[in-house]
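Worksheet: the structure to be examined is printed underneath.
Remember, it's a predicted structure, so these values are computed and weren't measured experimentally. The sequence lines fix the lettering, A, B, ..., with proteins before strands; numbering per chain opens at 1.
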Number of protein chains: 2
Amino acid sequence: MKVTIKDIAREAGVSVATVSNVLNGKGRVSAETAERIQRIIAEKNFVPSTLARGLKNKNTQLISVIVPYLKRGNFEENPFFWQLISGVEMGTKDHKFNVMLTRVEQDNDLSFVQMHNVDGLIVVGIDADSELYRSILALKIPTVFMDSYIDQPGLYQVHNDDLLGGYLGTKHLISQGHTKIVLVVGKLADRGVDFQRLLGYKKALAEAGLAYDARLVLENGGSMLGGYHAAQKLISLPEKVTAAFVLSDIGAMGLIKGLYEMGKEVPADLSVVGYDDIFYSEYTIPSLTTIRQDIFKKGKMAADLLLAQINGEPVTEKNILLPVELKVRASTAKIL
Amino acid sequence: MKVTIKDIAREAGVSVATVSNVLNGKGRVSAETAERIQRIIAEKNFVPSTLARGLKNKNTQLISVIVPYLKRGNFEENPFFWQLISGVEMGTKDHKFNVMLTRVEQDNDLSFVQMHNVDGLIVVGIDADSELYRSILALKIPTVFMDSYIDQPGLYQVHNDDLLGGYLGTKHLISQGHTKIVLVVGKLADRGVDFQRLLGYKKALAEAGLAYDARLVLENGGSMLGGYHAAQKLISLPEKVTAAFVLSDIGAMGLIKGLYEMGKEVPADLSVVGYDDIFYSEYTIPSLTTIRQDIFKKGKMAADLLLAQINGEPVTEKNILLPVELKVRASTAKIL
DNA sequence: AGTAAATGGTTAAACCTTTAATCAAAACTG
DNA sequence: CAGTTTTGATTAAAGGTTTAACCATTTACT
């Protein structure tokens with residue numbers, strides 16, 4: 001059936017310990033023996049069982065990406081997550097690690113971690129105030145948090161510079177003469193990614209001597225449909241706004257669509273800035289001005305950081321802040 | 001450290017065998033004892049190790065989704081895959097199975113299957129003529145093929161009715177008066193998804209008494225960029241075409257963008273039909289007429305089929321054909 | 001030559017479960 | 001009451017690998 005280390009040992013006329021030693025480059029084994037064993041391994045296409053290994057060593061070469069529960073659709077809809085996961089997969093592949101994808105529902109069931117002896121966790125966008133967060137910490141296994149802004153020293157975290165992103169997007173609009181700028185956010189909290197971007201938004205306003213108006217901040221615009229609905233809210237605002245900064249590209253797409261259906265043109269009637277620079281942003285009509293964050297790279301970074309943590313390697317910086325960049329395209333224009 | 005079956009046994013004052021028995025509902029154990037053990041298990045939050053279990057039983061509650069190598073970007077770009085995987089994840093979750101995501105590169109390295117003792121495989125869009133396909137079969141583990149149209153009885157396969165899809169999209173355009181219809185495909189082969197759709201395209205043409213013209217079939221249009229380039233090819237065609245049927249929504253988005261940049265309007269100058277009905281298709285401008293396939297459901301179906309296979313349950317039909325549907329939106333219009 | 005050190009291995013226990021085989025006690029039989 | 005069946009458990013082996021502790025040769029040193 002399945003070829004085991006025993007088969008190799010028998011074939012090579014040595015003990016299993018010796019085979020194990022050449023497998024792991026440990027112990028003492030002569031060059032010839034090692035070579036012979038290697039040859040037989042290749043010949044018989046032997047792959048050591050991670051199960052048996054893990055049982056002994058407590059490691060499984062398996063990490064898990066946890067995406068907190070989002071209502072169905074939202075998750076699949078946003079390429080952001082997929083690019084991220086793709087980056088993680090890429091980052092682990094070279095190190096012979098595999099990635100398990102696990103969507104944790106409201107029950108916060110993390111039993112798969114113990115079941116599969118997962119070596120480490122990458123957690124995306126979690127609230128430090130949640131039950132899930134506490135459960136994850138209780139696991140006491142190597143973990144990297146992404147896009148979570150958890151205010152606790154010692155944690156491994158990866159972010160893009162969201163404050164800067166919020167600032168750049170807003171500043172760009174201001175530089176085009178806009179003064180009434182709607183900010184469309186997913187969920188407003190006193191921490192997290194959107195909060196940081198809001199800080200950047202405020203900073204840019206303040207720098208330009210513009211007053212911050214909380215009524216211009218529209219919530220629940222994180223999804224396509226959310227952005228679409230935000231269009232109506234935006235139109236019915238008492239003051240006349242000339243620009244919108246939507247904190248996700250898919251939200252921006254929804255918003256533009258909503259405006260379009262109400263006869264408003266982008267950017268003629270309203271300038272729109274998105275956030276993320278997903279693949280589609282270049283291909284929408286009009287193409288989307290947005291804040292670019294290298295999502296793929298972020299995923300890869302998180303993987304690197306996690307593997308370093310798992311292998312007990314020292315890292316210079318546990319808290320990584322990646323750059324963002326303003327991509328000016330066709331959805332924003334100077335005010336007349 | 002980690003709580004094991006031994007800890008439970010000690011606490012309950014029984015042997016580990018007894019604990020194992022209540023865990024698996026086997027053997028004979030009195031109601032009281034069983035209850036006491038259950039209580040302690042819950043109390044101590046004990047989860048049996050899949051590693052140890054798998055070592056004994058040869059099953060790991062782990063399946064893997066294999067996406068054949070695609071050039072980077074293409075994979076993350078197409079929400080199709082993600083919806084699919086999301087469906088798979090959903091389909092396995094209830095059965096306490098977990099999903100490993102594995103991108104197989106050109107090296108066709110499937111060693112992770114043996115390493116992790118993966119219980120089953122879901123393979124997306126593979127060519128029956130490839131090395132990878134042969135390697136997968138050689139594994140001799142439960143497998144479901146999706147979107148592969150492998151002409152071999154006994155295999156578990158899931159498809160949408162691609163021939164019908166090709167037919168419906170073409171017929172829709174013909175019904176609007178179009179006679180010169182470009183077909184933009186990913187890769188033309190003598191089998192597979194695109195081939196089936198091509199068959200449908202031809203069928204609709206034949207039915208309408210229109211001649212099939214191979215020059216109207218444009219290749220390499222499966223990605224966004226591919227669709228974008230297809231726009232130029234389309235324009236420079238000797239005959240004047242009035243419609244395009246692009247066999248992926250993202251390709252259609254690219255095409256529309258390409259046309260737009262060359263001053264051509266959709267649907268005024270050219271009608272466009274896409275394929276897949278991904279999330280964005282409703283939000284593009286103009287919204288995209290497309291062939292809807294329930295991708296999420298397809299993923300879930302594949303998962304169900306795989307689990308049935310793994311558990312040795314009888315299935316009535318190994319070869320599942322799911323329906324497709326024409327969604328008429330704004331990117332197609334009657335010819336003047 | 002006699003001892004010490006290096007070389008190339010082997011043995012056996014451990015990791016955590018499952019399960020077939022076994023056993024003792026209790027509950028039935030007639 | 002002696003024998004049989006049922007009940008409720010236990011023991012021990014097995015699954016594939018790693019690794020510390022050993023051991024027998026060979027080589028090096030004075």
Side-chain angles (χ1 to χ4, degrees), chain A residues 1-38 40-41 44-62 96 111-119 141 311, chain B residues 1-38 40-41 44-62 96 111-119:
Chain A
M1 189 86 274
K2 189 176 183 307
V3 28
T4 88
I5 198 174
K6 253 185 207 162
D7 302 322
I8 306 299
R10 191 181 335 103
E11 187 89 0
V14 297
S15 72
V16 295
T18 303
V19 178
S20 176
N21 277 335
V22 348
L23 238 28
N24 300 290
K26 292 188 177 170
R28 274 193 292 260
V29 28
S30 74
E32 304 108 287
T33 314
E35 201 199 343
R36 178 161 37 97
I37 291 176
Q38 290 286 17
I40 297 175
I41 285 176
K44 298 224 153 198
N45 195 15
F46 164 69
V47 180
S49 155
T50 316
L51 294 183
R53 270 196 169 160
L55 203 53
K56 189 93 240 283
N57 294 342
K58 273 102 191 50
N59 65 258
T60 51
Q61 307 287 106
L62 198 58
K96 285 279 169 197
S111 58
F112 66 90
V113 172
Q114 301 172 56
M115 275 180 52
H116 290 282
N117 269 66
V118 170
D119 285 343
I141 68 170
N311 298 326
Chain B
M1 191 83 272
K2 189 176 184 307
V3 29
T4 88
I5 199 174
K6 252 184 208 164
D7 302 322
I8 305 299
R10 191 178 337 101
E11 187 88 2
V14 297
S15 72
V16 294
T18 303
V19 178
S20 175
N21 277 336
V22 347
L23 238 29
N24 300 289
K26 293 186 178 172
R28 272 195 291 261
V29 28
S30 73
E32 305 107 286
T33 314
E35 203 200 342
R36 177 161 37 98
I37 291 176
Q38 290 285 20
I40 297 175
I41 285 176
K44 298 224 153 201
N45 195 13
F46 164 70
V47 180
S49 155
T50 316
L51 294 183
R53 269 194 169 161
L55 203 53
K56 191 94 240 283
N57 296 342
K58 271 103 189 55
N59 64 256
T60 51
Q61 305 290 104
L62 197 59
K96 285 278 168 198
S111 57
F112 67 91
V113 172
Q114 301 172 57
M115 275 179 51
H116 291 282
N117 271 64
V118 169
D119 284 344

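- The side-chain heavy atoms of A/Ile37 and A/Val19, taken from C-beta on, include a pair separated by under 4.5 Å.
- Contact detail for A/Ser20 and A/Ile5: the closest heavy-atom pair is N-CD1, 3.7 Å.
- Put simply, CG on A/Asp7 is 11 Å from P on D/dG15, counting in whole angstrom units.
- Contacts of A/Val14 with the nucleic acid, taken as non-hydrogen atoms under 4.0 Å apart, involve only primed sugar atoms and P, OP1 or OP2.
- Side chains of A/Ile8 and A/Leu23 form no contact here, defined as non-hydrogen atoms less than 4.5 Å apart.
- If you take CD1 of B/Ile37 and C1' of D/dG8, they are 11 Å apart, rounded to a whole angstrom.
- For the residue pair A/Lys96 and B/Met115, the shortest heavy atom distance occurs at O-CE, 4.5 Å.
- Taking the side chain as every heavy atom from C-beta outward, B/Asp7 and B/Glu11 never approach each other to under 4.5 Å.
- Taking 4.5 Å as the limit, every side-chain heavy atom of B/Val3 sits out of range of all side-chain heavy atoms of B/Asn45.
- Contact of the A/Leu51 side chain with the A/Leu55 side chain is not registered, since no non-hydrogen atoms from C-beta on lie closer than 4.5 Å.
- A/Phe112 places none of its side-chain heavy atoms less than 4.5 Å from the side chain of A/Asn117.
- Contact of the B/Asn59 side chain with the B/Arg53 side chain is not registered, since no non-hydrogen atoms from C-beta on lie closer than 4.5 Å.
- Counting heavy atoms from C-beta outward, A/Thr60 and A/His116 have side chains that stay 4.5 Å or more apart.
- Within the nucleic acid shown, B/Ser49 comes within 4.0 Å of sugar-phosphate atoms alone, with no base atom in reach, counting heavy atoms only.
- Distances shorter than 4.0 Å separate some side-chain N or O of B/Thr18 from OP1 or OP2 on D/dT10.
- Contact check of residues 20-32 of chain A against DNA chain C (heavy atom, cut-off under 4.0 Å) returns A/Arg28, A/Val29, A/Ser30.
- With rounding to the nearest 0.5 angstrom, the NZ atom of B/Lys2 is 6.5 Å from the CZ atom of B/Phe46.
- With a cutoff of under 4.0 Å to any heavy atom of chain B, the contacted region of DNA chain C is bounded 5' to 3' by C/dC16 to C/dT19.
- The stretch residues 50-61 of chain A touches DNA chain C through A/Leu55, A/Lys56, A/Lys58, each having a heavy atom within less than 4.0 Å of the strand.
- As a whole-Å value, the separation of B/Arg36 CZ from D/dA9 C1' is 11 Å.
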